[in-house]
Structures are given as structure tokens and as C-alpha cells.
Protein chains: 2
Amino acid sequence: MDTSSSSMRAPSMRARSNLHQRIARDLGERIAAGDPVPGKFLPTEADLCARLAVSRSALREGVRLLAGKGLITSKRKVGTVVRPRTEWNMFDPDILAWHLAAAPTDSFVTDLFEVRRIIEPWAAALAAQRADAPTIARIGVACEDMVRFQGKAEELLEADLRFHETILEATGNAFLISFGALIESALHASFQLSWSGSAHTPEYSLRRHRRVWETIRERKPQDAFALMSELLRSAIEDVHDALLTRRLAVTEGNGLFAGPAAPERPSAPQSGEPAGPAPRRRARRNHPHPNQEERQ
Amino acid sequence: MDTSSSSMRAPSMRARSNLHQRIARDLGERIAAGDPVPGKFLPTEADLCARLAVSRSALREGVRLLAGKGLITSKRKVGTVVRPRTEWNMFDPDILAWHLAAAPTDSFVTDLFEVRRIIEPWAAALAAQRADAPTIARIGVACEDMVRFQGKAEELLEADLRFHETILEATGNAFLISFGALIESALHASFQLSWSGSAHTPEYSLRRHRRVWETIRERKPQDAFALMSELLRSAIEDVHDALLTRRLAVTEGNGLFAGPAAPERPSAPQSGEPAGPAPRRRARRNHPHPNQEERQ
DNA sequence: GAGCCGCATTTGTAGGACAATTTGGGAAGT
DNA sequence: ACTTCCCAAATTGTCCTACAAATGCGGCTC
């Protein structure tokens, strides 16, 4: 793993954070990008201390930070190994950010929005049932801020995030609240992807947000569910288009295995289609979870 | 915070783990139980070192472990503060385990199953679309193991968990896979709650599991969705009954504020009820998320 | 009374020493 | 030649000490 290049990047950037936090970010971004691939070992502490030019205390505290997120485990005499990705805490805000720092994979972004589309309609429905007045008001404020900051992308993103996070909060469910990190990651991803793409006009998206808010305010769970589903569907379309564009631009035709692993059947004609995210087209999904456990 | 009693519990139990891991577990269980309530500070490092009789290095590494999970943050001269619960990583396996170690709150268990009921039907549907043959076979093996271990609670629990986790894995979605920890927590909770309760016979539950598997094998997403919903609904009923029993046994009438904060309306009569988790009765939900940020 | 400064406290970093553990190879015995 | 046992080297784990840096607080000055 090449630590020389990025370890001395932007010496004063993020100088506010502690050393062990910077170390954790450095190693975390690397690991998320697959530098020491799961199953492989990090360099020894002595090596890392020398390469990063830090003391062993700071290095070990940074490593502990990553261990707390499930990224790595250390054993005496053996070393520090990167755990399989299935063990990572994919809802951890830092891990999500580190994934985005490296060029986010198609599957990463797709999975992100898939989960959003499962969770958020329900969150909206529950919010419509349970939200108290002040929280509903805050959702409204977020909507207004989105209109207000329509020009400035930075603030618009923040208001958009606040809109969705407040809805999660309104459910009162501690676990749903933890989804905020995932949404933030998704918004950043779609921002850095489809900064241009967006087949839908911003006004269109803003109106959708406002309509979700209105259904919550009016205590109509089913409508909130449906409208949030719609909102996410259009967002996914934008991101999907952006991904297609990027994929065509970067690499051409990864279409091996475009076949019958998962039969297309857009929606098997059975009893009524469950409301919400429809079984979507996804011709890729080539990786059969090879359970990679190789050691170096 | 009283560290003297529990810090020296079971001196040889878990002697396999490292010291900083034991420290993290000790502090983590305490914090999860609300000993230093969010917003309050932990004792100083010097204090903790003295109370736990460990070196500062080991203590700090344990604290870093907790910081990696979002439980606490440290600042120079200020101290180490417990972050608000909304910032905790509620999908972290350790945090979930620590919550269960203390007597799990009603709302904890309820929220747990609420999220399960949102996620898992979709996971089953996606698995029915995407699962490859070996994974489907493993789901079947889990079913058979559940039948085989019907007597022994320990192995039954393990097979049950394996059933649900394999379905998550079959979706191929990295984030859904991270839900395994939550399911494990839920199973342990329902085990330690309704060890007896279960209005439904075990055979009934086993048959439900098997039918979910069959729909996945036969690539029927909608049926998988519906059956998994049913399976969870009955599981929730059991747990809910157990909670009621326990609540009546332990404390009587915490019914202050049983009022109009969230109007009852079991399901506002609108367009067709979305399939899946129905808006449920929940007369409690007393905590209006007071954003407690008090400092000591 | 208000504003500024210094001091004390607390966490952060450095560095060295030794302990514990496990891998792997080498030696010895069969 | 093969197996078994043991020792030694390598690596993380723990302890210790010292100092650095930040920051809240009290006191001092104007």
C-alpha cells in the first residue's frame, strides 16, 4: 500500500482534527478503496509509524477507531487484517464518506438508493402518523429552505438532507434515525454524479418535496408513502442516467453475464404488486459473493 | 458512574479478549444503559484508569473503540462526552448487544421489529429475484436445521438467524447485509423475552419459514414479500405479548401522557393500504425527542 | 462592571520498555 | 524420511513517563 503520496496531501487541510482521526481517515479511505483488499494485512505498526511519520500511540488509536467500525481486527503476532466487507458497518457515516471519497462504484450507488427506496416511503408514512407539530413545522422549513437556496448547490443539498432526516426523526424510531448517514451519502453521491444530468427540472423536485410534506402535515400516511416513493423513483432515474453516462464514458461494455442469472420478469404477474419500489431492471450483479478470504 | 461493582465481575470470563476490548465493553454497556446519560461526561482519564486499574494507553484505546461507533467524543481540556443517541450507530453489532445486555427497553424492541418488518419483506422479494442457486440451497439448509434443532434452543436460534441472514445476503445489497446484526439482536431479544410466551406453536413458525424459502426458490417475489410479512407479523405478536406481560409484571401503569400526542387512527381510511407493515397501535411513544443536551 | 490574561486541567502525542502470543522453522527422535 | 516437540523471532498488547496543546475559568486590571 502506497502511503507516501496521500499521507502528505494538503498538510493544513483538516488540521482541526486530531492526529489519530486523520490517521483513521487516511487508512479508512485506502481500505474502502480496496488498497489492502479484505483478507489481506496492513503493514506492521512499525512500518506504518515510519511511513506516516507518527508515533505508535497515535497510530494505534487510529487503528482502534477503524476497529470500532468493524473494518479491521488485530491479533498478536499475526497483524492487522482487513475484515470481509460483509462485516463492515455500512451505515457508519465515515465508512460511507470514505466510499464516496474513492470513485463510488455503480453497485454502491445503486444499493444506496435501493435501500432508500425501501426505507423512506415507510418513514414518511410513519411520520404522517406520529410526527408532532414542531417536527412537522421543521419539515416545512426544510422545504422552504430548498426553495430559498435554489441557486446555491451547497445550501440546497443541506436543506434537502435536513428534509429527509427530519422525516426520519419524526418516526421516533431510533434505527430509522440512523439512516440519516446513508441519505447524506446518497445525496452527496447524486450531487457529485448528476450535477448536470437531472432530466427533471429542480422546480419539479421541489414541488414533490412539498407535496410529501403536505401529506405528512395532513396525516395521510398512505399518500405520504406513495409520494415519497415517487420522489425517490425520479431521483433514482436521474442517478441511473448519470451512471449510464459515466459508464459509457469510462469503460465500454461490461456486459458479460448479461444473461439469465436473475430472470428479467419485470414483475411476475402474481397477486397485486406491493406498493413501493418495484422489482427493477438490473442486468449486472455479476459478483456471486465469492466470499473472498484470501490471505497474502 | 459506579465502576467498582461490575468492573471486577467474572474475572476469567471473556479473558480471551484484549484489555481495551473489555474496557470498551464495560464502558459501552454502561453508556447504553444510560449511566452517563447523553450530554454528560465520562470521568477523566485519570479517574477511569484508577477505577478500572488499567493503564492510560489501554483505556484510551478502549475509548477510541467507542468513539469509532459514534458513542462518545473527546476534546482537550473538556473531557469525553456521551453523544446524543441519535448520533449512535444503531446498526453496530456491539451497540445492539450492549443494549440487550441491559434490560432492553420496550421502545428498543418495538423499533427493532418495526425496522425488520420494513426491510425483510423487501429482502425476501429481492432474494426471490436475484439469489443464485447455491445461496437458495443454503436458505433451505437453514430451514432444515431449524427443524432438526427444534429441541435445542441454542442451535435453533442460530439456524433461524442464518435463515434470515442468508436471505439478506441473497439480495446482493451491501447495506441490507449489514442488517444481519439487527436481526441477530432482535432474535436474541425475542428469545430472552418470550422464551415461553409464543402463542404460536413452533411447528407453525417453521412451516412459515419453509414457505418463504419455497417462494424464493420458485422465484415469486410478491409471494415471498407477503409470506415474510406474515412471518414477521406473528413474531411481532409474540414479542408484543411478552412485552405486555413483562410490563404488567414489572411496573404498573406508566400511562401518563397516554393521550393525544399521536392520534390513534389505526389506519386512516385512504387509498388501498400498502402491503406490509400496517400502521400499528402504539399508544405510548411518550418521548418527544427532547434533544437532551444537558451538561453536568 | 467589563474585558483581558494567565494558570490549571484535561486530552493528545511521543517514545521506550517489556509482556504475551503465535507463527514457523529447526532440532531431535523415531 | 517423517513426525513431534520446542525454541526463537516477530508482532501486537500493555505499561510507563514526559511533554505538548488547547481551553475553560478565575482573577487581575482598567
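Numbers restart at 1 for each chain; the letters A, B, ... are given by sequence-line order, proteins then strands. Just so it is clear, the model here is predicted, and its values are computed rather than measured.
A/Lys75 places its NZ atom 12 Å from the C1' atom of D/dT12, with the value rounded to the nearest Å. Atom CD in A/Glu61 sits about 10 Å away from atom C1' in C/dT11, given to the nearest Å. In this structure, A/His20 places its NE2 atom 17 Å from P of D/dA21, rounding to the nearest Å. In this entry the distance linking NZ of B/Lys77 with C1' of D/dA21 reads 13 Å, nearest Å. D/dT12 atom P lies 9 Å from atom CG of A/Leu42, rounded to whole Å.
If you check C/dG12, C/dA14, D/dT23 against the side chain of B/Val78, the one that comes closest is D/dT23. You'll find that the side chain of B/Ser57 is closest to D/dC16, out of C/dG12, D/dT14, D/dC16. With C/dT13, C/dA14, D/dT14 as the candidates, the nucleotide lying closest to the side chain of A/Asn18 is C/dT13.
Ion pairing between B/Arg30 and B/Asp26 holds under the 4.0 Å rule for side-chain N and carboxylate O.
Comparing B/Arg56 and A/Arg64, the nucleotide of DNA chain D nearest to each residue sits closer to the 5' end for A/Arg64.
Contact annotation: A/Arg60 side-chain N/O to D/dT12 OP1/OP2 distance is not under 4.0 Å. For A/Ser55, a side-chain nitrogen or oxygen approaches OP1 or OP2 of C/dA14 to under 4.0 Å.
Across all strands, B/Thr44 comes closer than 4.0 Å only to sugar-phosphate atoms, never to a base (heavy-atom distances).
The aromatic rings of B/Phe179 and B/Phe91 sit perpendicular, their planes meeting at an angle over 60°, well past the 30° parallel limit.
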